[in-house]
Number of protein chains: 2
Amino acid sequence: MEVVNIEEPNIPASIAVAWGLRDRPGKGPRPGLSLPQIVQAGLDVARAEGLAAVSMARVAKEVGVSTMALYRYVAAKDDLLDLMQDAAYGQPPEAPADKDWRGGLTEWAWAILHALRKHPWVLQIPVSGPPLLPNQIAWLERGLTCLGSTGLAESQKLSVVMLLSGYVRQWASLSIAVGAAGPDQAARYATTLARVIDPVRFPAVSAAMAAGAVDDEWDGGDAEFVFGLDRVLDGIAALTHARP
Amino acid sequence: MEVVNIEEPNIPASIAVAWGLRDRPGKGPRPGLSLPQIVQAGLDVARAEGLAAVSMARVAKEVGVSTMALYRYVAAKDDLLDLMQDAAYGQPPEAPADKDWRGGLTEWAWAILHALRKHPWVLQIPVSGPPLLPNQIAWLERGLTCLGSTGLAESQKLSVVMLLSGYVRQWASLSIAVGAAGPDQAARYATTLARVIDPVRFPAVSAAMAAGAVDDEWDGGDAEFVFGLDRVLDGIAALTHARP
DNA sequence: GCGTATCTGCGTATGATATACACAGATCTA
DNA sequence: TAGATCTGTGTATATCATACGCAGATACGC
């Protein structure tokens with residue numbers, strides 16, 4: 001079972017593997033591991049010790065194999081990370097059929113946020129390209145479905161869904177980074193900034209800090225998320241009204 | 001010149017350094033290097049060979065010093081990356097005073113996009129926290145200033161600016177990733193996806209692909225960027241109308 | 001002017017990392 | 001049964017960040 005597929009030469013191996021495009025010749029000995037097993041081990045390590053601890057050696061130890069055995073299932077570490085990311089997103093929840101597009105997308109955005117909060121390390125994986133793995137496609141499907149009744153063009157639907165998922169990802173990234181630092185650490189940041197930022201050179205930032213917008217109110221809570229989410233959805237609503 | 005500052009124990013060293021909070025005791029020999037010089041060398045390497053090539057050894061060779069000499073100026077590689085990121089953003093362009101908030105923010109978003117296109121490797125640096133370095137604060141200042149006349153609350157202004165900058169960053173990330181793959185590679189992706197995606201399981205995605213939304217039209221051009229940007233700005237406009 | 005503390009730059013060492021390569025044994029096909 | 005092929009493994013290599021200590025240069029206190 002070689003990981004590279006001869007018939008699909010220019011596809012990243014991780015994608016081919018994830019979609020199950022593999023010849024199973026069954027010549028040699030039965031594989032003792034399975035790809036989901038390895039990916040799950042990666043998830044466990046990432047969850048317990050962070051993404052930085054996810055090395056091939058560490059994952060191999062987790063499944064009880066030698067380091068190099070993993071390379072029989074995964075062409076490179078980046079592929080494993082891609083697969084871990086897809087597994088972390090998981091399958092999107094089923095769409096309740098009785099919602100309008102706005103309610104559906106709101107729920108969809110919340111579901112993404114929950115997935116990212118459950119697996120914060122996903123945000124540390126550098127973006128390697130457009131979403132192409134099965135679960136990511138499933139989330140995309142689910143988002144596009146919400147826009148089915150709006151009459152938008154297909155390319156517009158796609159842009160809207162990408163815009164929204166980008167917002168969630170971006171917001172989660174910031175919120176988790178601040179949350180991971182801890183409230184006292186964040187407070188120290190704020191006081192330091194307050195001392196360092198020149199009110200003459202940065203009057204608007206100073207005003208925001210003086211109004212407590214930067215730190216005091218910023219609990220990383222859901223209110224801020226809803227605010228941005230509503231802004232984006234309002235923008236989409238304006239578009240649907242313009243094109244009935 | 002030790003990099004850690006004793007009086008500010010809990011501040012990341014990179015921030016203290018970037019803001020010039022350093023004691024200059026002037027006891028030992030004059031430093032032969034300067035921090036901007038090192039950061040510039042990092043930029044050069046990243047520009048020419050990508051972020052992955054930016055190692056301490058490579059940067060040191062670039063400035064003509066030994067590897068360990070860099071650690072007299074930077075506490076860790078992450079600090080260097082933070083400083084490189086701030087240098088890549090550079091100073092925001094001056095705000096033309098005769099623009100309304102929407103025009104101002106539009107121009108601001110475009111300026112960010114241009115900076116990111118000029119330094120695509122910035123998008124590969126994992127987000128370590130809220131923007132705290134001088135140039136990033138300057139961009140924040142510039143964005144907040146655009147909203148000065150809207151009467152929004154300070155916390156709302158901040159959320160809006162973060163929302164917008166997040167969108168730009170997200171979009172640039174996707175667009176650059178697709179662009180870096182090259183058009184032929186992207187076309188191969190699309191054909192592979194078309195074969196792999198089950199129209200029964202993913203009808204909406206299939207419809208989008210059939211309509212050519214995924215690949216044919218997606219040139220990563222400016223039209224897609226403007227579309228999402230206008231959505232976000234429409235959402236903000238709705239807010240300002242609701243609160244005059 | 002002099003001693004001394006202190007800073008700079010450097011060479012070396014260490015531990016972690018991804019991954020290439022070749023081999024032994026297991027398994028299926030002919 | 002013979003050969004092809006796949007699996008798991010050990011070893012080797014190259015790269016990386018960075019800790020540590022040393023030699024020389026410099027400026028301050030006297």
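Sequence lines set the chain letters: A, B, ... in the order given, protein chains first and strands last, and positions in each chain run from 1.
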Listed partners of B:E62 passing side-chain contact (heavy atoms from CB on, under 4.5 Å), at least two apart: B:A41, B:D44, B:V45, B:R58
Of the listed nucleotides C:dG11, D:dA17, C:dG25, the one nearest the side chain of B:S55: D:dA17
Interatomic distance where NZ belongs to A:K61 and C1' belongs to C:dA16 [whole Å]: 13 Å
Atom-to-atom span, CG of A:L35 to P of D:dT7 - whole angstrom: 12 Å
B:P120: side-chain contact (heavy atoms from CB on, under 4.5 Å) partners, not counting sequence neighbours: B:I176
Shortest non-hydrogen contact from B:R169 toward B:Y89: NH1-OH, 3.3 Å
Rounded distance (Å) that lies between atom C1' of D:dA14 and atom CZ of B:R58: 17 Å
Student check: side-chain heavy atoms of A:L229 and A:W171 closer than 4.5 Å: no
Qualifying residues under ring-ring contact (aromatic ring centres under 6.0 Å, His included), relative to B:F202, sequence neighbours excluded: none
Partners meeting side-chain contact (heavy atoms from CB on, under 4.5 Å) with A:A87 (sequence neighbours left out): A:V39, A:L43
Out of C:dC10, D:dT26, D:dT7, whichever nucleotide has its closest atom nearest the side chain of A:Y73: D:dT7
Partners meeting side-chain contact (heavy atoms from CB on, under 4.5 Å) with A:P134 (sequence neighbours left out): A:A18, A:W19, A:D86
Scan nucleotides 18-21 of chain D against the protein and return all N/O pairs shorter than 3.5 Å with their distances rounded to 0.1 Å.
from	atom 1	to	atom 2	distance (Å)
D:dT18	OP2	B:Y71	OH	2.9
D:dT18	OP2	B:K77	N	3.0

Stretch residues 40-50 of chain B: residues that reach within less than 4.0 Å of DNA chain C through a heavy atom: none
Partner residues of B:E141 under the salt bridge (charged side-chain N to carboxylate O under 4.0 Å, His left out) criterion, sequence neighbours left out: none
